[in-house]
Amino acid sequence: MSERSLRARVTQEVAEVIATRRVGAYQHITLVAPGVAELARPGQFVALAVGGETSGTLLRRSFSIHKVSPSGTYGGTVEIVVSAVGVGTRWIVERAPHDTIDVVGPLGKAFPLPTAPVACVLVGGGYGSAPLFWLAGELRERGCHVEMVLGAASEDKLFGVVEARRSSDGVTVTTDDGSAGQRGWVSDPLPEIIDRTKAGVVYGCGPMGMLESITRVAEAHGAVAQVAVEESMACGVGVCMTCVMPVVGSDGRTRMVRSCVEGPVFRGDRVRWDAFDGGHARVPDDAVGAPKVGGH
Amino acid sequence: MSERSLRARVTQEVAEVIATRRVGAYQHITLVAPGVAELARPGQFVALAVGGETSGTLLRRSFSIHKVSPSGTYGGTVEIVVSAVGVGTRWIVERAPHDTIDVVGPLGKAFPLPTAPVACVLVGGGYGSAPLFWLAGELRERGCHVEMVLGAASEDKLFGVVEARRSSDGVTVTTDDGSAGQRGWVSDPLPEIIDRTKAGVVYGCGPMGMLESITRVAEAHGAVAQVAVEESMACGVGVCMTCVMPVVGSDGRTRMVRSCVEGPVFRGDRVRWDAFDGGHARVPDDAVGAPKVGGH
Amino acid sequence: MVDLSVDLGRGRRLPNPLMTASGCAANGKELHRFFDVADLGAFVTKSVMADPRSGRGTPRMAETPSGMLNSIGLQGPGIGAFVEEDLPWLKSVGARVLPSIAGSSSREYAQVAATLRDSSAFDSVVGVEVNISCPNVANRGLVFACDPMASADVIGLVREQLPREIPVFAKLSPDVTDITTIASACVEAGADGLTMINTLLGMVIDTDRLRPQLGGVTGGLSGPGIRPVAVRAIWQVRQAMFEGRLPTVPIIGVGGVRTGRDALELVAAGASAIQVGTAVFNDPSAPVRVLRELCELLSAKGFERFSDAVAVAHGR
Amino acid sequence: MVDLSVDLGRGRRLPNPLMTASGCAANGKELHRFFDVADLGAFVTKSVMADPRSGRGTPRMAETPSGMLNSIGLQGPGIGAFVEEDLPWLKSVGARVLPSIAGSSSREYAQVAATLRDSSAFDSVVGVEVNISCPNVANRGLVFACDPMASADVIGLVREQLPREIPVFAKLSPDVTDITTIASACVEAGADGLTMINTLLGMVIDTDRLRPQLGGVTGGLSGPGIRPVAVRAIWQVRQAMFEGRLPTVPIIGVGGVRTGRDALELVAAGASAIQVGTAVFNDPSAPVRVLRELCELLSAKGFERFSDAVAVAHGR
Ligand SMILES: Cc1cc2nc3c(=O)[nH]c(=O)nc-3n(C[C@H](O)[C@H](O)[C@H](O)COP(=O)(O)OP(=O)(O)OC[C@H]3O[C@@H](n4cnc5c(N)ncnc54)[C@H](O)[C@@H]3O)c2cc1C
Ligand SMILES: Cc1cc2nc3c(=O)[nH]c(=O)nc-3n(C[C@H](O)[C@H](O)[C@H](O)COP(=O)(O)OP(=O)(O)OC[C@H]3O[C@@H](n4cnc5c(N)ncnc54)[C@H](O)[C@@H]3O)c2cc1C
Ligand SMILES: Cc1cc2nc3c(=O)[nH]c(=O)nc-3n(C[C@H](O)[C@H](O)[C@H](O)COP(=O)(O)O)c2cc1C
Ligand SMILES: Cc1cc2nc3c(=O)[nH]c(=O)nc-3n(C[C@H](O)[C@H](O)[C@H](O)COP(=O)(O)O)c2cc1C
Ligand code: FES
Ligand code: FES
């Protein structure tokens, strides 16, 4: 990639909120961000600044891009789906139409698309389904058969069941408590779906534990898993090294790679799931430059 | 004063903004704060928290109470007049109706009222006039003849000229640039007004330099000056000792007293104006416990 | 209900671990308008010296991102007025008092402690906090707390002046290369506990006037922005206690606490009690609010006793 | 127009005083997507050690009030890859580079400096910053920057490796009792300038899990919340230079700069150049925005030369 195109692929803009509405446990927000809208691909994300001039929260918050409309009445728009879990997301969901938010994006690598029209299964946990509908559309345009599995703890935490029916050739819903669809996890129906559709790729987005089991199921059933991870990110643009995870490279060696620029989408079988444990990720002993005592 | 009444004299409430409008260079804001409204007296102030949950600005901002309506359609209201000069005041003037602001008040000592119906001159510099109309009303209720002098750098920085005409028996306006009223300072017309009305008290609120000259003029013309000062305050409630100024006590000795609880209103001739210099106030050498090297 | 009581050493039990921070609550009357100061575990008073002091010139403060800088210069009425007016008042409303004392020489500290001990309302005193972040006139103004020997000297002399049943707390400065060395020197000299941390030395330039903003040039940095430094200091000293590098004594945590969650951070790092300082300027009721929030948090996490949460983050 | 050029010693002039901060800008490519890195006075790269390093486990960061805590553990490709890939790339886009080097022993620092010196793109290097806030394996992991002797040792060895015309900057830690002592030791050992400050040692407890939030337990505190500490450190060292307690050398200021006004604070306290670190995470274009804002501010205040504003707050 030439320097020029590298420099052109990300933008920073002050985006106006033009719509914001409650969807179950989430807030669905539409931002006018023509630059981002024009460049983005499914699987990429945006990083939003929080709190305005008096803000003591310096770090941006990352959100998968749910949808883009590169042109429209207001100029290009970008949609995100936000779960309010802490101070930053609470601030974001409280924005009213016409308020502005500073946005950087699109960031990260998009979901790779198959070159042949293979069947695909798209698995989303909670708001993790947000980027998958757009992806489903692109896959079907390429002639892929697309099925979706949406799972969540409970019905209100499912996102986009109706949209899933529109965007795909088959939808399965699971909830931990059985309040919607079948009781259980997304990994329960997955083997049957992969086998039945002879899926070549399973795309996943959701919590780490879910991505790990999707990967195992896909592997066991002959499919490739492409998973979008969610690591704690200070910068989102590749400069701080906080968002790393142990991933096996094409040379077979494990490195701590930045999930914001080399991800958030990784091939599931490349992720060193064995290193993750209750919110921590160890540096595997066989990683390049294995851990020593060191400064910060 | 009994402990009970001491404890009852201040309140903290989450106040709703019910009206906010531009008046010249200022924002006139009405807050629903029944507790404050009920207790306040002219010359007291309120301290407003800034910036909500993500705020990195911890300290409250102080504002003179312009007016209170102890009961009304919305419950008691408190009005303030805000000049947006920094991050906190900018945040406050950006609040829209129905937004809330955390308010502590009423704080400080009110203007002392004369026991006899003497003539009074009320002098306000810039938004410093804000608390004077209410005071004028109370003075006239007591049979005092009240004249007002309003001064500012330019016309847009005058506050309440129309209201002054309603609230008093005579109004003089001065501006530094002559854009309204007579060109010059509030201290220019003051000698004539004191002499003509045989004023016993001059009340002043505005920048330090102005208060000092009001004090000198009042003294020279046989009146007592009562001035409301504006010192940098971290707490506003008397616990931090940041807002001190050198003031002579009834025993003739100078002490560094807290302007938030022993002020903001002081008798002008008690303030050690000689200690002020370009935004700093020295501890006079003859002050109680004169300065030594010390911790902070 | 969570059992909030805490043992501060020398058999002193407080009903709960929440305190004001010295210099952030004056001597009680002002905050008593917002809440009953007897509801606190203890009320910590403004550091008092032997004589009345006017403190520094103004400006004495600057707001900083998530904090503030102050340079008060220990303004106060002197220990005489303190024991005659402030302490009896605090006693009259039923407060448990942790007076903070200061000095420019170790002798001054001892003198202040002695006057306190001999005062009529001394029975309201549940402990004495020794603010050793004062310049030592005998050593070119070097702050006592930056030197283990000077710190030990002060603590030793103060300890001698006070009855056995009154615990003495040394309040440490974070502005040192190794805080465990100072902590250790203080405990060896007789401190029954440690208060951590005092403010960080900082400075703000007034960019309009292009000169130091504070009359006193440098000042003390406090508020939520410094909380990570407080947590670290408490953690390090507590770790040193676990490792036997110094005897285990209670730590009073202070620095940047604004909410019950913040308090729990300091507690989990090793604090047995919590002081709320700068947050009071944002919310005058902060100490009792933090107590309530901490209590709810502990209860939600299934703790039956506050003391079980102390230092719980070690070894996890 | 204000003359923004700055002299960094050894005859090195930079077109302007704005720089990235080590570890907050990676090695150039990423930020070059947001602005032209050749527009900066200099680009400071992530501290590089002799060998590739994986750094610490995760989580590596925690947000804190007006700041953040990080514990990266100096992850990097090693000096070999740096001089083969990163430095040539920076040279290719016309950047002036201030590489930051690190080590676990003074020998490692010297070795890194030597490899740098012998590299093909070395002519893009305008100076070398020595990050002495690394644990010294030879001394129980005590950070070099906490000990004047260890600091001097590192600086002396690095200075020997580099050609005369390349200024060497010692990057100091604020976590010491007296920063002027360390500054003085570094300058005497051959440092041509000082960078102040590195992060403060801090810690955050994850109150959900009640354990340290960072994989590395403690971490470095940075961001606007620590700016008053940076201003104070710069002021103190500059004051010591005025008083002749150490030779006058340029200071590169870093710590909490988010706006042109913030930069001016550090400059007025004594900094001849400014690095922007954590603020980049909030605004990827922060370094060039701060430069623009600083320039406007200087011009509004009537300064004709940036250098006239350096240390201007002293003696006012
Ligand atoms: C690539 C990516 C895509 C994401 N997509 C979405 C999405 O579409 N919808 C959505 O609701 N959330 C999404 N998240 C998670 C979202 O970024 C976090 O919930 C949010 O940052 C939490 O911020 P807070 O201030 O509310 O929480 P706090 O806990 O107060 O945040 C404190 C700090 O931790 C970081 N942090 C906390 N939780 C997370 C997390 N889960 N992931 C990353 N950083 C975290 C914050 O960014 C902040 O720096 C995504 C995260 C990543 C990395
Ligand atoms: C008793 C009293 C009454 C006041 N009445 C009014 C009023 O009626 N209308 C009005 O517009 N302003 C009034 N002020 C001034 C007002 O409080 C300040 O303009 C405001 O605090 C500035 O905050 P900021 O965040 O916009 O400015 P910043 O400069 O960002 O504030 C930084 C810090 O300095 C303090 N500060 C800055 N300027 C002042 C000042 N002039 N006085 C006190 N503290 C200051 C702030 O409180 C804050 O802590 C009054 C001040 C006091 C003490
Ligand atoms: C205005 C002010 C005055 C202070 N005065 C004292 C004091 O007299 N004695 C003392 O030991 N600490 C004093 N401190 C330090 C506090 O007690 C506390 O240790 C520090 O502010 C950190 O806590 P915080 O972040 O909760 O404020 C003062 C702090 C402030 C902000
Ligand atoms: C994520 C991160 C990584 C850092 N890595 C380094 C480093 O490798 N070498 C170094 O000298 N300083 C490093 N620092 C410190 C910064 O260069 C800077 O000194 C410090 O963050 C204070 O500046 P700031 O407040 O502008 O960030 C790092 C800081 C952060 C936040
Ligand atoms: S979040 Fe900073 S490198 Fe990925
Ligand atoms: S503002 Fe705190 S004592 Fe007056």
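In the text below, chain A, chain B and the rest are named by the order of the sequence lines, each starting its count at 1.
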Taking a cut-off of under 4.5 angstrom between non-hydrogen atoms, the residues of residues 283-290 of chain D near chain A are D283(D), P284(D), S285(D)
Select one option (side chain, backbone, both, neither) describing which atoms of M233(A) are under 4.5 Å from chain D's heavy atoms. backbone
Just how far is it from atom CE of M61(D) to atom CD of E231(A), taken to the nearest 0.5 Å? 9.5 Å
Sorted by chain and number, sequence neighbours left out, side-chain contact (heavy atoms from CB on, under 4.5 Å) with P112(A) holds for Q226(A), V265(A)
Kindly say whether L59(A) contributes a backbone atom to a donor-acceptor pair with the side chain of E63(D) at under 3.5 angstrom? yes
Could you tell me if R209(D) and H280(A) have a donor-acceptor pair between their side chains, going purely by distance under 3.5 Å? no
Which atom pairs, one a donor and one an acceptor, fall under 3.5 Å between side chains of residues 246-255 of chain A and the rest of the protein, sequence neighbours left out?
unit_1	atom_1	unit_2	atom_2	d
D251(A)	OD1	R253(A)	N	3.0
D251(A)	OD1	R255(A)	NH1	3.3
D251(A)	OD2	R255(A)	NH1	3.3
D251(A)	OD2	R255(A)	NH2	2.8
T254(A)	OG1	R272(A)	NH1	2.6

Which distance, rounded to the nearest 0.5 Å, do you find between the CZ of R60(D) and the OG of S232(A)? 12.0 Å
Sequence neighbours left out, what passes ring-ring contact (aromatic ring centres under 6.0 Å, His included) with F43(D)? Give chain and number order. none
Could you look at L107(A) and say if it's the side chain, the backbone, both or neither that has a heavy atom under 4.5 Å from chain D? side chain
Looking only at heavy atoms and a cut-off of under 4.5 Å, which of G279(A), A49(A), G238(A) has the most pairs with chain D? G279(A)
Contacting region of V237(A) [heavy-atom separation from chain D under 4.5 Å]: both
Only one of V283(A), T242(A), V244(A) clears side-chain contact (heavy atoms from CB on, under 4.5 Å) with T58(D); which? V244(A)
